[in-house]
Each structure stands twice: as structure tokens, then as C-alpha cells.
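In this text, all values refer to a predicted model and were calculated from it rather than measured experimentally. Note on naming: letters A, B, ... go to the chains in the order of the sequence lines (proteins, then strands), and numbering restarts at 1 for each one.
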Protein chains: 2
Amino acid sequence: MSTEAEIYKALGDPTRLEIVKRLSSKRSCAIGELCKDLGISRQGARKQLQILVNANIASLKCVGRETKVALDITSLQQAQRFIAQLEKEWESRLLALKNYVESDK
Amino acid sequence: MSTEAEIYKALGDPTRLEIVKRLSSKRSCAIGELCKDLGISRQGARKQLQILVNANIASLKCVGRETKVALDITSLQQAQRFIAQLEKEWESRLLALKNYVESDK
DNA sequence: ACAATATGCAACCATATAGTTGCATATTTA
DNA sequence: TAAATATGCAACTATATGGTTGCATATTGT
């Protein structure tokens, strides 16, 4: 399991976010194809992919001589839930403040 | 306006995420108070705060000799919408695949 | 006025990060 | 089998990052 910070950190780089965007609209693609799209070296792309894999945002599967990359949405959902929780606390605090102000009328 | 990657990058550090958590349950607090809670130097906390401010996740307001820090949820909401959009694309792709497979029966 | 408090700015440091290149290995195809 | 393709691993580099300390400045309380 990844921590929230790990997941956000993985998403917090333009190259990796671009990878995630591309994977979200593709079924899966090979590393070689991906690095051409990104305009960086294969090894550069591979390093970023490993970070996404470690954060459970992407998964790799060897198929013959290719390595297929696919998106894994579980961490993305975890990240989303975390923000939703923050917003919930924020809103309940605002509500408490509102009640306090109104009780003072 | 911040890019998605900037927002995630800002959230992708344990110290900054801790700051965000604390701010979500507090109305606002001074920098001095915050750095004591975090167990790091005031300047260390200040640097992290500036990153959150640049990402529109926190805002600063001078009040006398204090600087009050408050959460700004607009960027958090933007980050959440971005993930929601990714998931939407992901799901529609899965649905298309499902339809394709079933049409093949 | 003066001490205490709360802060900002800048320099510094150790480590992490994003990318590169070179070389070795496994799979496919001719 | 030999060439072409797709990849992994390791070393290297320049820059970014997270934190520190030192010093200057503004506000508050006695």
C-alpha cells in the first residue's frame, strides 16, 4: 500500500502525469512506444514508470520481448478519497464557524 | 492558476501533507505555531508553506507581527476533478472493451 | 525606550531527482 | 544462425529539494 504523499509525489511530475493521461485513454502500451510519444529516452521513461509502479498507479506485464504498461486506478481512487476527506473536514469546520457567528446575533 | 502536476507535487511531501491535514481541521494558525507542531525549524516550515501558497493550496495573511496560514481548497478541488476525469476515461474505455468482447460472442 | 516575539531573506549542505549513455540479455524474424 | 527489436541494469551528471543556521526587520508588552 502506498501512502498519500507517495501517490501525490508520483503524480507531481509533468512526465509522469503525461504517462498517466496517455494510459487512461489507452488499453495498454509497450515501453518503447511510450518513450517515443514522450520524446525522452527509453531509460528515462522506464525510470518514471517504475515510480508509478511503486505508487501502484501503473502495472507492468511482460509479453514476449515487450513489457506492457497499464493503468491501475486503485491508488488514484485512494488519492481522491483523501482529498474528499480533507474537504469534508474543511466544510464541517466552516459550518461550525457559521453556526457560531449566527448564534451571536 | 496552477497546473495539475504542480498541485500534486505540492501535496507529494510528508511535511506539506501534514500541514494540509492540520489546516483542514483548524481555522488558521500562525507560522510559529505550525513549525512547533511539525518539529522542524521555522524557516523549514516557511519554505514548505511557500510551495503550498504557490500551488494555491494555502494562503498567508499578515496580522500584526504574526502571519496567519489558512487552507485554500480550490486547488484541492481541481486536483480531485482531474483524477475524476482520468477515472471517467478509464471506465469508458473498459466499457468499450466489454462491449467489444460481448459483441464477439 | 527596550526586551521579547514573530517574522523575512540569503547562504549553505546533503541528498534526491530526472534525465542521459553504455553495455548486456532475451525474443522475434529472415 | 544471425540480424533486428525490446528490454534491463548500472554509472554518471546537472539540477532540484528539504532542511539548517545567521542576520536583519517589524510588532507587542513592560
With distance as the sole test, does [X] use its side chain to make a donor-acceptor pair with the main-chain N or O of [Y] at under 3.5 Å?
| X | Y | value |
| --- | --- | --- |
| A:Ser2 | A:Ile7 | no |
| B:Arg16 | A:Ala5 | no |
| A:Tyr8 | A:Ala79 | yes |

What is the distance, to the nearest angstrom, from the [atom1] atom on [X] to the [atom2] atom on [N]?
| X | N | atom1 | atom2 | value |
| --- | --- | --- | --- | --- |
| A:Leu60 | D:dT7 | CG | C1' | 11 Å |
| A:Ile31 | C:dA26 | CD1 | P | 17 Å |
| B:Gln50 | D:dG19 | CD | P | 15 Å |
| B:Arg46 | D:dT21 | CZ | P | 18 Å |
| B:Lys68 | C:dA6 | NZ | P | 11 Å |
| A:Tyr8 | D:dT17 | OH | C1' | 21 Å |
| B:Leu52 | D:dG18 | CG | P | 10 Å |
| B:Ile40 | D:dG19 | CD1 | P | 5 Å |

Nearest-nucleotide pick for A:Glu66, side chain only, options being C:dT7, C:dA18, D:dA6: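 Nearest listed nucleotide: D:dA6.
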Out of C:dT20, D:dA6, D:dG8, whichever nucleotide has its closest atom nearest the side chain of A:Arg65: D:dA6
For [X], which contact category applies under a 4.0 Å heavy-atom criterion: base, sugar-phosphate, or nothing?
| X | result |
| --- | --- |
| A:Gly44 | base |
| B:Ser41 | base |
| A:Arg42 | base |
| A:Lys9 | sugar-phosphate |

Toward the 5' end of DNA chain C, by each residue's nearest nucleotide, A:Gly12 or B:Ala30: B:Ala30
Whichever of A:Gly64 and A:Ile51 has its nearest DNA chain C nucleotide further upstream toward 5':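 The residue closer to the strand's 5' end, by nearest nucleotide, is A:Ile51.
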Residues B:Arg93, B:Glu89: salt bridge by 4.0 Å N-O rule: no
Sidechain N-carboxylate O distance under 4.0 Å for A:Glu4, B:Lys21: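 Salt bridge: no.
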D:dG18 phosphate, OP1 or OP2, under 4.0 Å from B:Thr15 side-chain N/O: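 False: B:Thr15 side-chain N/O out of range (4.0 Å or more) of D:dG18 OP1/OP2.
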